[in-house]
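Note that these values count all heavy atoms, side chains included, but never hydrogens, waters or copies made by symmetry. In this chain, residues are counted from 1 in sequence order.
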Amino acid sequence: INKPGEVGLELHINTTPNGQSHISFDHERLTDRGFRITPELSYGLTNDIELGMYIPTIYSPEYGYELAGYKPRIKWIPLQAKDNQPWSAGVNIEYAKLKTGMSESSKSAEIRFIFGYEGESWRLAMNPILEKNLSPRTENTPELQTNFRAIFKRDGFLKGIGLEYYLSLGPYNNFHPQSEQAKQLFLVAELEPNESLLKDWDIHLAAGSGWDGADPFTVKMILAPKL
C-alpha cells in the first residue's frame with residue numbers, strides 16, 4: 001500500500017490467444033484473440049488507506065480498440081506485514097462503470113477481502129471476492145470468487161516464482177455445480193531487471209490454463225515503475 005502522499009502506477013496487460021468465442025449476451029466483447037491494457041493509478045491517503053482508479057481498454061477482433069469504462073476503488077489495510085510480524089489483512093471496495101458489451105451489467109460493485117503472509121521464503125495471499133451487478137434487468141445476487149497465490153521468494157533477476165489459482169463459485173447463496181465453476185491456474189514469475197530499458201520496473205509475468213467455462217489460455221503481465 002502507498003505511503004501517505006505517495007503516487008503509484010501499474011500497467012496491467014493480458015491477452016487470450018485462446019478465449020471464449022461464443023457470446024452470452026448482446027454485443028459481448030469476446031475474449032478470444034483479445035487484448036486488454038489497464039493503467040492503474042493509486043494514491044496513499046493515510047498509512048492504511050489507498051485510493052485508486054483503473055482505466056480499462058480492450059481490443060477485440062470484431063470491435064477493435066475501445067475505452068471500456070472506469071473503475072474507482074478504495075483499499076484499507078489495517079493489518080500490514082512488518083519486520084516483527086508477517087501477516088496482513090484488509091479490504092478493497094471497487095465500483096465499475098463499463099461501456100455496453102464489456103460486461104453483462106454495465107454497473108457493478110466488488111468487495112475484495114485481502115489476506116496475506118510475507119515470510120522469509122514465501123509470499124502467500126488469499127482473496128475472497130463478492131461482486132454484485134447494479135444494472136437493471138440483470139441477475140443481482142452477489143457472486144463469490146476466491147483467488148490464491150503462493151510465491152517462492154528468491155534473490156536476483158528472478159525474485160519470485162509460484163502459482164495463482166482462480167475459482168468462480170457462482171451466487172454466494174447457491175453455488176454453481178462444480179463442473180460449472182470456472183477455474184484458472186497460472187504459473188507466475190516476478191522479475192526485477194538490473195539492466196536494460198526495464199531496470200527501473202518491477203515485472204509480474206503469468207501464463208495459465210482455464211477450464212469449466214474459463215478462458216482456455218491467458219497470458220498476463222503487470223508492469224510497475226519504481227517511482
Side-chain angles (χ1 to χ4, degrees), residues 1-14 38-54 71-95 109-131 142 144-169 172 183-196 198-208 220-227:
I1 189 169
N2 292 346
K3 297 177 181 178
E6 186 177 73
V7 175
L9 170 66
E10 290 186 348
L11 192 62
H12 301 253
I13 303 169
N14 71 71
T38 302
E40 179 190 359
L41 302 171
S42 57
Y43 176 78
L45 193 62
T46 70
N47 287 324
D48 53 14
I49 297 177
E50 180 185 278
L51 305 179
M53 174 72 78
Y54 296 99
K71 297 181 177 182
R73 65 162 178 83
I74 182 168
K75 182 187 293 182
W76 177 50
I77 311 291
L79 178 63
Q80 299 179 33
K82 299 179 181 178
D83 292 340
N84 60 345
Q85 73 88 18
W87 300 99
S88 59
V91 65
N92 186 84
I93 300 174
E94 178 182 305
Y95 171 79
E110 174 190 290
I111 300 177
R112 178 185 299 254
F113 299 94
I114 300 168
F115 302 101
Y117 171 84
E118 186 82 27
E120 291 186 7
S121 299
W122 288 92
R123 182 184 307 117
L124 307 176
M126 180 179 71
N127 302 117
I129 303 167
L130 282 171
E131 183 174 3
L144 178 63
Q145 175 180 319
T146 55
N147 303 341
F148 302 91
R149 177 187 299 165
I151 301 294
F152 178 68
K153 298 162 64 174
R154 303 177 73 258
D155 294 324
F157 171 72
L158 178 62
K159 68 175 187 179
I161 188 167
L163 296 173
E164 291 179 348
Y165 179 66
Y166 298 82
L167 173 63
S168 296
L169 294 163
Y172 79 99
K183 307 166 184 73
Q184 288 180 295
L185 182 65
F186 288 88
L187 177 63
V188 178
E190 295 184 345
L191 311 178
E192 189 173 23
N194 295 319
E195 299 179 357
S196 81
L198 294 174
K199 66 180 181 179
D200 295 322
W201 296 69
D202 288 324
I203 303 172
H204 174 106
L205 290 174
K220 60 181 184 172
M221 175 170 61
I222 300 175
L223 298 172
K226 299 173 183 176
L227 300 178

How about [X] and [Y]: do any of their side-chain heavy atoms sit closer than 4.5 Å?
X: Leu187; Y: Leu163; value: yes
X: His204; Y: Val188; value: yes
X: Met53; Y: Pro72; value: yes
X: Leu41; Y: Leu9; value: yes
X: Asn147; Y: Arg112; value: yes

Minimum heavy-atom separation for [X] and [Y], please, with both atom names.
X: Trp87; Y: Leu79; result: O-CG, 3.7 Å
X: Leu130; Y: Pro142; result: CD2-CB, 4.2 Å
X: Ala89; Y: Phe115; result: CB-CD2, 4.1 Å
X: Gly90; Y: Pro78; result: CA-CD, 3.8 Å
X: Ala81; Y: Ser88; result: N-CB, 3.9 Å
X: Ala224; Y: Glu10; result: CB-CG, 3.9 Å

Any donor-acceptor N/O pair, [X] side chain to [Y] backbone, under 3.5 Å:
X: Glu50; Y: Asn2; result: yes
X: Gln80; Y: Asn47; result: yes
X: Lys71; Y: Glu40; result: no

Taking Glu190 first and then Arg123, would you say they form a salt bridge - that is, a charged N and a carboxylate O separated by under 4.0 Å?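 So Glu190 pairs with Arg123 through a salt bridge.
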I'd like to know if Glu110 and Arg73 make a salt bridge, using a cut-off of under 4.0 Å between side-chain N and carboxylate O.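 Looking at Arg73 together with Glu110, the answer is no, because their closest N to O distance does not fall below 4.0 Å.
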Between atom [atom1] of [X] and atom [atom2] of [Y], what is the distance when rounded to the nearest 0.5 Å?
X: Asp83; Y: Glu118; atom1: CG; atom2: CD; answer: 11.0 Å
X: Ile111; Y: Ile129; atom1: CD1; atom2: CD1; answer: 11.5 Å
X: Leu158; Y: Glu192; atom1: CG; atom2: CD; answer: 11.0 Å
X: Thr46; Y: Trp76; atom1: OG1; atom2: CH2; answer: 10.0 Å
X: Ile151; Y: Lys159; atom1: CD1; atom2: NZ; answer: 10.5 Å
X: Tyr43; Y: Lys3; atom1: OH; atom2: NZ; answer: 14.5 Å

Report the residue from Ile1, Val91, Ile77 that forms a side-chain contact (heavy atoms from CB on, under 4.5 Å) with Ile114.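 With Ile114 as partner, side-chain contact (heavy atoms from CB on, under 4.5 Å) holds for just one option, Ile77.
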CG (Asn84) with more than 12 external heavy atoms under 6.0 Å: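 It does: Asn84 CG has more than 12 such atoms within range.
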Would you call the rings of Tyr166 and Phe186 parallel, tilted or perpendicular if under 30° counts as parallel and over 60° as perpendicular?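 Aromatic pair Tyr166/Phe186 classed perpendicular.
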